[in-house]
A.B. asks: 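The structure that follows is given in the form of structure tokens.
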Amino acid sequence: MALLPLSSCLKGEAETYEEWREQNNAYLAAIDTKEYELVVPDWAPQNSVYIKWHNDRSLTADNLVPMSNSTVELKYELEDIEGTKIQDSYSATTGDSLYVTQPNQTVAGFWIALTTMHVGDSATLIIPYPSGYGSGQTASIKPYSNLIYRVKIKGIKAFEKPAS
């Protein structure tokens, strides 16, 4: 009997996330594929990211593209499908508001996007929840959340070469 109130709370929480998952699935189904490019890499065919470019890519075509283990400097803003701000590099870092990371240290969708972009590229990314945190939850991100990033690669601090 003592577990009854607890189980009803858990059921309510699961239903909330099921509705949220359905909203995120509907959001993905409504993406305009003329505006967004779907990128599915050969090395991770179960993952994907949608990319909308904001710059003329012919102007950055000769710039470096990060490798999986490069150290990348970027600026970003992250929100969910409702436009709720989750994070940004402007309040989460020091210096020139740069966030420094390695693509292989991020969620799969962000890793895919970063290794597709050239230094100087600016884009909006939609990372489907299976390529983000999936059904997991973080302190600020609910389970089944598609991640929407606005990102610009500012530089590559350390360009690593693949192991021979």
A.B. asks: Please give me the minimum heavy-atom distance between Leu28 and Pro128, naming the atom from each residue.
C.D. replies: CD1-CB, 3.7 Å

A.B. asks: Of all the heavy-atom pairs spanning Ser122 and Met117, show the shortest one and how long it is.
C.D. replies: N-CE, 4.3 Å

A.B. asks: Can you name the nearest heavy-atom pair linking Gly132 to Val107, along with the distance?
C.D. replies: O-CG1, 3.7 Å

A.B. asks: Donor-acceptor pairs under 3.5 Å, side chain of residues 147-155 to any protein atom, not counting sequence neighbours: which ones?
C.D. replies:
residue	atom	partner	partner atom	Å
Arg150	NH1	Glu79	OE1	3.4
Arg150	NH2	Glu79	OE2	3.2

A.B. asks: List for me each residue that meets side-chain contact (heavy atoms from CB on, under 4.5 Å) alongside Ala61, sequence neighbours excluded, and say none if there are none.
C.D. replies: none

A.B. asks: In terms of side-chain heavy atoms, does Asn69 have a donor or acceptor partner in Asn104 at a distance below 3.5 Å?
C.D. replies: no

A.B. asks: Residues two or more places apart in sequence or in another chain: which of them pass salt bridge (charged side-chain N to carboxylate O under 4.0 Å, His left out) with Lys52?
C.D. replies: Glu35

A.B. asks: Going by the rule side chain to side chain donor-acceptor pair (under 3.5 Å), which residues pair with Glu37 if we only count those two or more places apart in sequence or in a different chain?
C.D. replies: Trp53

A.B. asks: Please enumerate all residues that pass side-chain contact (heavy atoms from CB on, under 4.5 Å) together with Ser135, with sequence neighbours excluded.
C.D. replies: Tyr144

A.B. asks: Could you list the donor-acceptor pairs under 3.5 angstrom formed by side chains in residues 38-51, with sequence neighbours left out?
C.D. replies:
residue	atom	partner	partner atom	Å
Asn47	OD1	Ser131	OG	3.1

A.B. asks: Roughly how far apart are Asp80 CG and Ile141 CD1, rounded to 0.5 Å?
C.D. replies: 9.0 Å

A.B. asks: Is there a donor-acceptor pair under 3.5 Å between the side chain of Thr33 and the backbone N or O of Tyr36?
C.D. replies: no

A.B. asks: Which residues pass the side chain to side chain donor-acceptor pair (under 3.5 Å) test with Ser68, sequence neighbours left out?
C.D. replies: Trp111

A.B. asks: What's the separation between atom CD in Glu82 and atom NZ in Lys142, rounded to the nearest 0.5 Å?
C.D. replies: 5.5 Å

A.B. asks: Can you list the residues that meet the side chain to side chain donor-acceptor pair (under 3.5 Å) rule with Lys85, with sequence neighbours excluded?
C.D. replies: Asp88

A.B. asks: Would you please name every residue forming a side chain to side chain donor-acceptor pair (under 3.5 Å) with Tyr129, sequence neighbours left out?
C.D. replies: Asn25

A.B. asks: Is there a side-chain contact between Ile31 and Ile126 in this structure, where contact means two heavy atoms from C-beta onward sitting under 4.5 Å apart?
C.D. replies: yes

A.B. asks: Not counting sequence neighbours, list each pair that qualifies as a side-chain hydrogen bond (donor to acceptor under 3.5 Å, both in side chains) and has a residue in residues 54-66.
C.D. replies: His54-Thr124, Asn55-Asp121, Asp56-Ser58, Arg57-His118, Arg57-Asp121, Thr60-Asp121

A.B. asks: Could you walk me through whether Val100 and Thr71 pass the side chain to side chain contact (heavy atoms under 4.5 Å, CB included) check?
C.D. replies: CA-CA 7 Å; Val100 179; Thr71 302; 3.3 Å; yes

A.B. asks: Can you tell if the side chain of Val72 reaches within under 4.5 Å of the side chain of Pro103, non-hydrogen atoms only?
C.D. replies: yes

A.B. asks: So do the side chains of Ser145 and Trp20 get within less than 4.5 Å of each other, counting heavy atoms only?
C.D. replies: yes

A.B. asks: Taking all non-hydrogen atoms of both residues into account, name the closest pair between Ile156 and Val65 and its distance.
C.D. replies: CD1-C, 4.0 Å

A.B. asks: Evaluate the criterion side chain to side chain contact (heavy atoms under 4.5 Å, CB included) for residue pair Asn24 and Ile81; output intermediate values, then yes/no.
C.D. replies: CA-CA 7 Å; Asn24 278 269; Ile81 64 169; 3.5 Å; yes

A.B. asks: Considering only heavy atoms from C-beta outward, does the side chain of Tyr90 approach that of Lys75 to under 4.5 Å?
C.D. replies: yes

A.B. asks: Could you give all pairs that pass the salt bridge (Lys or Arg N to Asp or Glu O under 4.0 Å) test and reach residues 101-110, with sequence neighbours left out?
C.D. replies: none

